[in-house]
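Hydrogens, waters and symmetry mates are skipped; everything else that's a heavy atom, side chains included, is used.
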Amino acid sequence: MLRIANERHNLISEARAEVWLSMNETSLEGVTMRRFYQLPLERRQNPFFALSWTLFHPIDEKSPLFGFDAGLLEEKDVLFVVTFHGLDDQSGHILNARHSYGPSDLLWNRTYQDILTTDPDGLPHINYNHFHDTLPAVSALKE
């Protein structure tokens with residue numbers, strides 16, 4: 001999962017996010033090449049992006065990351081490339097952003113701390129002081 005936020009304090013229409021996996025792979029012939037895989041997200045579009053958005057890629061049998069651990073991410077020189085596109089409702093400008101993350105940027109078995117609060121008038125706000133804060137992940141399975 002990856003959390004992004006709208007610091008523009010206005011609506012972004014037709015917001016779209018993509019996450020790409022780039023890694024080294026060796027063919028059966030022994031040739032090493034860089035390959036790119038678009039990671040499916042649970043939700044890659046947002047009709048109006050106002051506050052924050054957490055992107056989720058489920059790592060299951062269909063994911064190119066299935067079975068990976070920290071060592072394999074390093075060995076394959078993995079890079080995650082996140083792109084964002086949208087339309088600023090106030091200015092009418094198209095917004096584009098891109099950021100890359102390597103294996104050392106990943107946090108294992110963590111989840112994001114809640115950052116949304118509500119003011120006395122009932123309006124939601126983001127506490128940016130805790131934007132990057134995480135907590136230990138709690139398993140959804142109870143014994």
Salt bridge (Lys or Arg N to Asp or Glu O under 4.0 Å) with Asp89: which residues, sequence neighbours excluded?
-> none
With side chains defined as the heavy atoms from C-beta onward, is the minimum distance between His130 and Tyr112 less than 4.5 Å?
-> no
With side chains defined as the heavy atoms from C-beta onward, is the minimum distance between Glu7 and Tyr128 less than 4.5 Å?
-> yes
Considering only NZ, NE, NH1 and NH2 on the basic side and carboxylate oxygens on the acidic side, decide whether Glu18 and Arg44 come within less than 4.0 Å.
-> yes
Ile94 side chain reached by Asn96 side chain, heavy atoms, under 4.5 Å | yes
With the side chain counted from C-beta on, respond yes when Val81 and Tyr101 share a heavy-atom pair under 4.5 Å apart, and no when they do not.
-> no
Residue pair Thr111 / Pro136: nearest heavy atoms and the distance that separates them | CG2-O, 4.1 Å
Look only at the side chain of Asp88 and the backbone of Gly92, and say whether a donor-acceptor pair between them is shorter than 3.5 Å.
-> no
Of all heavy-atom pairs between Gly102 and Leu79, which one has the smallest distance, and what is that distance?
-> N-CD1, 4.2 Å
Where do Glu74 and Ser104 come nearest, in terms of heavy atoms and distance?
-> OE2-N, 4.3 Å
Is the backbone N or O of Val31 less than 3.5 Å from a side-chain atom of Ser27, with the two atoms forming a donor-acceptor pair by type?
-> yes
Over 12 non-hydrogen atoms of neighbours within 6.0 angstrom of CD in Glu14 | no
Pairwise ring pair (Phe, Tyr, Trp, His ring centres under 6.0 Å) hits with a residue in residues 55-91, at least two apart = Phe49-Phe84
Any side-chain donor near an acceptor of the partner, Ser22 and Arg34, under 3.5 Å | yes
Distance in Å, Leu135 CG paired with Asp133 CG, rounded so as to fall on 0.5 Å steps | 8.0 Å
Do Leu21 and Met23 have side-chain heavy atoms sitting under 4.5 Å apart?
-> yes
State, with a plain yes or no, whether a side-chain heavy atom of Ser100 is found less than 4.5 Å away from one of Val82.
-> no
Separation of Leu11 CG from Asn6 CG (nearest 0.5 Å) = 8.0 Å
Hey, could you give me the CG/CG distance between Leu2 and Asp105, rounded to the nearest 0.5 Å?
-> 10.5 Å
Just jot down the ring pair (Phe, Tyr, Trp, His ring centres under 6.0 Å) partners of His125, sequence neighbours excluded, or say none.
-> none
What one should report as the nearest heavy-atom pair of Pro40 and Pro58 is O-CD, 3.9 Å
To the nearest 0.5 Å, tell me how far Thr117 OG1 sits from Leu123 CG.
-> 10.5 Å
In Å and rounded to the nearest 0.5 Å, what is the CZ to OG1 distance from Arg3 to Thr134?
-> 9.0 Å
Any side-chain heavy atom of Val19 sitting closer than 4.5 Å to one from Leu55?
-> yes
Heavy atoms of Ile12 and Arg8 approach each other most closely as CD1-CD, 4.0 Å
Here the pair of heavy atoms bringing Ala5 nearest to Ile126 is CB-CD1, 4.4 Å
Would you indicate whether the side-chain heavy atoms of Leu106 and Leu73 approach each other to under 4.5 Å?
-> yes
CZ of Arg43 to CZ of Arg16: how many Å apart, nearest 0.5 Å?
-> 14.5 Å
From CA spacing to verdict: side chain to side chain contact (heavy atoms under 4.5 Å, CB included), Arg35, Met33 = CA-CA 6 Å; Arg35 295 255 171 118; Met33 62 193 84; 3.1 Å; yes
Between Phe36 and Ile59, is there a shared hydrophobic cluster once you connect ILVMFWY residues whose side-chain heavy atoms come closer than 4.5 Å?
-> no
Take Leu39 and Leu65, measure what side chain to side chain contact (heavy atoms under 4.5 Å, CB included) needs, and give me the verdict at the end.
-> CA-CA 9 Å; Leu39 298 178; Leu65 291 168; 4.1 Å; yes
